[in-house]
Amino acid sequence: MGDELQSGWSALAQPAVRRRFDQHRDSVVDTLRDQEKLLDRAVPTSKLVLLAGHAYDVRRQALQEGWQPPRSESDWTADEWFGLRLLACYELASREPRGPKPPRRHHDWFSIVGLIRGSRPG
């Protein structure tokens, strides 16, 4: 998934795309919080597992609807729902222990943004 979304990290420099990405990320956080509250599990589930499940469901739906990941930075718009949702899942997963490592270019950029916001990914 990381390779398919590679061009999206650069596209986040576009203010409209970044705002929509932030909305998706917040929505994913809310969805995971709701899942943790509503579902009673015999064994606790890590946030990474919940993120992977959500991303899987989003990607499956996207592919069923014929979605193709944007190929270049210029193909990304604020209306790119599936791509931005998957980027948000990937970014949140990269903060988790044993999560995927963000692309080097994205990681450098996001570290600066994280320092400014006071919430650097781990």
With R33, which residues qualify under salt bridge (Lys or Arg N to Asp or Glu O under 4.0 Å), at least two apart?
D30

Once you round to the nearest 0.5 Å, how far does CZ of F82 lie from CG of L87?
14.0 Å

Nearest heavy atoms of E73 and S10, plus distance in Å:
OE1-CB, 3.2 Å

Spacing of CZ belonging to R95 relative to CG belonging to L92, to within rounding of 0.5 Å
5.5 Å

Nearest-0.5 Å distance that lies between atom CZ in R18 and atom CZ in R25:
5.5 Å

Side chains of D75 and S72: do they bring a donor and an acceptor to under 3.5 Å?
yes

How long is the gap from CH2 on W81 to CG on L86, to the nearest 0.5 Å?
8.0 Å

Can you find a pair of side-chain heavy atoms, one from Q35 and one from L32, that are under 4.5 Å apart?
yes

On a heavy-atom basis, which atom in C89 and which in A55 lie closest, and how many Å separate them?
CB-CB, 3.9 Å

Sequence-distant partners of D3, salt bridge (Lys or Arg N to Asp or Glu O under 4.0 Å), two or more places apart
none

Measure across W76 and S7 and return the closest heavy-atom pair with its distance rounded to 0.1 Å.
NE1-OG, 2.7 Å

For the pair Y90 and W9, name the ring-plane relationship: parallel under 30°, tilted 30 to 60°, perpendicular over 60°.
tilted

Please name all residues satisfying side-chain hydrogen bond (donor to acceptor under 3.5 Å, both in side chains) with E65, sequence neighbours left out, ordered by chain then number.
Q61

Which residues pass the salt bridge (Lys or Arg N to Asp or Glu O under 4.0 Å) test with D57, sequence neighbours left out?
R60

Going hydrophobic residue to hydrophobic residue with side-chain gaps under 4.5 angstrom, can you get from V29 over to L51?
yes

Do W67 and E80 make a side-chain contact, defined as non-hydrogen atoms from C-beta onward lying under 4.5 Å apart?
yes

Correct closest heavy-atom pair for V17 and A78 would be CG2-N, 3.8 Å

Who passes side-chain hydrogen bond (donor to acceptor under 3.5 Å, both in side chains) against D79, sequence neighbours left out?
none

Once rounded to the nearest 0.5 Å, what's the spacing between atom CD of E91 and atom CG of L84?
12.5 Å

Under 3.5 Å, is there a donor-acceptor pair between the side chain of T31 and the main chain of S27?
yes

Sequence-distant partners of R20, salt bridge (Lys or Arg N to Asp or Glu O under 4.0 Å), two or more places apart
none

Taking all non-hydrogen atoms of both residues into account, name the closest pair between L5 and G83 and its distance.
CD2-O, 4.2 Å

To check you understand the geometry: which heavy-atom pair defines the closest contact between P97 and L48, and what is its length?
O-CD2, 3.7 Å

